[in-house]
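Position 1 is the first residue of the sequence, and the numbers go up from there. Counting starts at 1 for both ligands and their atoms, following the listed order.
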Amino acid sequence: MIEFDLIVRNGTVVTASDSYKADVGVKDEKVVAISQNLEAAADTKVIDAKGMYVFPGGIDVHVHFQLPFSGTVSADDFENGTKAAACGGVTTVLDFAIQTKGRSIMEAIEARRAEADSKVCVDYGLHAAITDWNADTQAEIAKIIDYGIPSFKMFMIYKNEGWMADDGMLFNALEMTAKLGGHIGVHAESVDVLNMLIERYAEEKEKWGAYGHTLSRPCYTESEAIIRAIQWAEATGGKLYIVHMSTGEGADAVHAAKQRGVRVFAETCPQYLLLDDEVFKRENGHLYATCPQIKKPHDSERLWKGLQNGDVQVLATDTCTFTTEQKAAWNGDFRKIPFGLPGVETMIPLMYTEGVGKRGFSINQLVTLVSTNPAKLFGMYPDKGTIAIGSDADLLVFDPKREITIHARNLQTNCDWSPFEGWELVGYPSITISRGKIVAREGKFVGEVGYGTFLKRRPYGEI
Ligand code: URP
Ligand code: ZN
Ligand code: ZN
């Protein structure tokens, strides 16, 4: 008989394909049994999950903890950001190591690990953001994939920050990863048109206020860049991943490319599904500035449809938290707003209420979008992203009946405001388990700082 460390009893186990009543037995950080009436030993911890769903832990593949950006540093560091993740039912996050021009990518990875390894409270991995495409960088790609980082990121904007990758770099990197494995994620916006429009609207910045942020970034600045990146993926055979897709036109372009057999995948985020650009007209509208910015209701509708029909495969958050004090640096100039929003803590409950509760998504679809697809695409499946014998015991015991109202003051994030302040939710994480250890209960962190581990990921994964 197995002496379980933990049994999650009487819940409804939910995977991408099934939902069924069972007990889940955990030993040495792994799921070792899924069955009825598992027997507890004297030392076995038992969680009664009657009336609850047992989901695989959420995976947020797009967070920026303690990111130096916009003249400040994002307010959730690796410690608090991963605590917030745990409270929101997310047991794995992927952050970014951004190469400094003139330096190696590996140096950026090592620096990021030095910041994160002893602090993270759930498991984490890194994407490698390439900003400098030279012979040394090119020689590093295979080494980085081998190291366990098969996902690269290229920014098609952020020229001034020194992060931008031009088309030649993107083409080359797609070509190389097509041969070596791995994929290229892109932040797709048209840099030159964008910068020109930003300066145009800045001439009347007092008139436009925070709404200038949205006026200066019309939808075509995203869709043009998506179409261009798709073109390079098609020509090279490389695998492309569109991060934080915000437009209906973008979703149409991904759909058309998929029909032609291009290897392109896309992610969207709750802010693009649930908010629209009227928020920038509010008194505190500048708080909502993120990049790409929140678009129109018809964009949200198209993105929801994309999640239903498979044009969009992943839900992530692009968490990049700035407090009201940090956001105040804008001082009336939309160009100076630190771009980014909190999100990792509220993604799953928001998507449950809005997607499952209001739009008829199945609980299996929810699991697919926030856990299974991310695990598959980013080389973590089946250790992560499902509940099966041998997978990591990353579990979210989710209470579908719990009603809460979102208030920033009740959340773990260091952010003192929430884009979803006052939203009423039905369904909330009850207990989050990371590799067999309870790390959060009823929205409160109860884990250990430094418990999370760095994940070495595999260079494959289609869905
Ligand atoms: O506004 C955002 N999204 N800030 C973080 C950087 C990025 O572009 O993802
Ligand atoms: Zn971005
Ligand atoms: Zn981002």
Atom 2 (C) of ligand 1: the protein heavy-atom neighbour that sits closest, reported with distance to 0.1 Å: F339 O, 3.5 Å
Return the residue, atom name and 0.1 Å-rounded distance of the protein heavy atom closest to atom 7 (C) of ligand 1. Y158 OH, 3.4 Å
Looking at [Y], is its backbone amide N or carbonyl O close enough to the side chain of [X] to form a donor-acceptor pair, meaning the two atoms are under 3.5 Å apart?
| X | Y | answer |
| --- | --- | --- |
| S74 | C320 | no |
| N373 | Q313 | yes |
| K83 | K444 | no |
| R435 | Y451 | yes |
| K119 | F78 | no |

With heavy atoms of [X] as the reference, note each atom of ligand 1 found under 4.0 Å away.
| X | result |
| --- | --- |
| H244 | 8 (O), 9 (O) |
| G340 | 1 (O) |
| H62 | 9 (O) |
| F69 | 4 (N) |
| T290 | 1 (O), 2 (C), 3 (N) |

Protein N/O/S atoms closer than 2.8 Å to the Zn ion (ligand 2), ordered by chain and number, come to H187 ND1, H244 NE2
List the steps, then state whether side-chain hydrogen bond (donor to acceptor under 3.5 Å, both in side chains) holds for S151 with H183. CA-CA 5 Å; S151 50; H183 71 248; 5.0 Å; no
Heavy atom under 4.0 Å from ligand 1: found in C291's side chain, backbone, both, or neither? both
If you measure from each non-hydrogen atom of D318 to ligand 1, which part falls under 4.0 Å: side chain, backbone, both or neither? side chain
State, with a plain yes or no, whether a side-chain heavy atom of V264 is found less than 4.5 Å away from one of K258. yes
Any side-chain heavy-atom pair of D394 and F55 under 4.5 Å: no
Going through the distances and angles, do N134 and D136 end up as a side-chain hydrogen bond (donor to acceptor under 3.5 Å, both in side chains)? CA-CA 5 Å; N134 53 46; D136 292 340; 5.5 Å; no
Salt bridge check: are E140 and K143 linked by an N-O gap of less than 4.0 Å? no
Kindly confirm or rule out an N or O of [X] lying under 3.5 angstrom from an N or O of ligand 1.
| X | result |
| --- | --- |
| K153 | no |
| C320 | no |
| H64 | yes |

Check whether more than 12 heavy atoms from other residues, nucleotides or ligands sit under 6.0 Å from atom NZ of K305, and answer yes or no. no
Any ring pair (Phe, Tyr, Trp, His ring centres under 6.0 Å) involving residues 260-284? Give me the pairs, sequence neighbours left out, ordered by first then second residue. H213-F280
So, H64 and the Zn ion (ligand 3): N/O/S under 2.8 Å, yes or no? yes
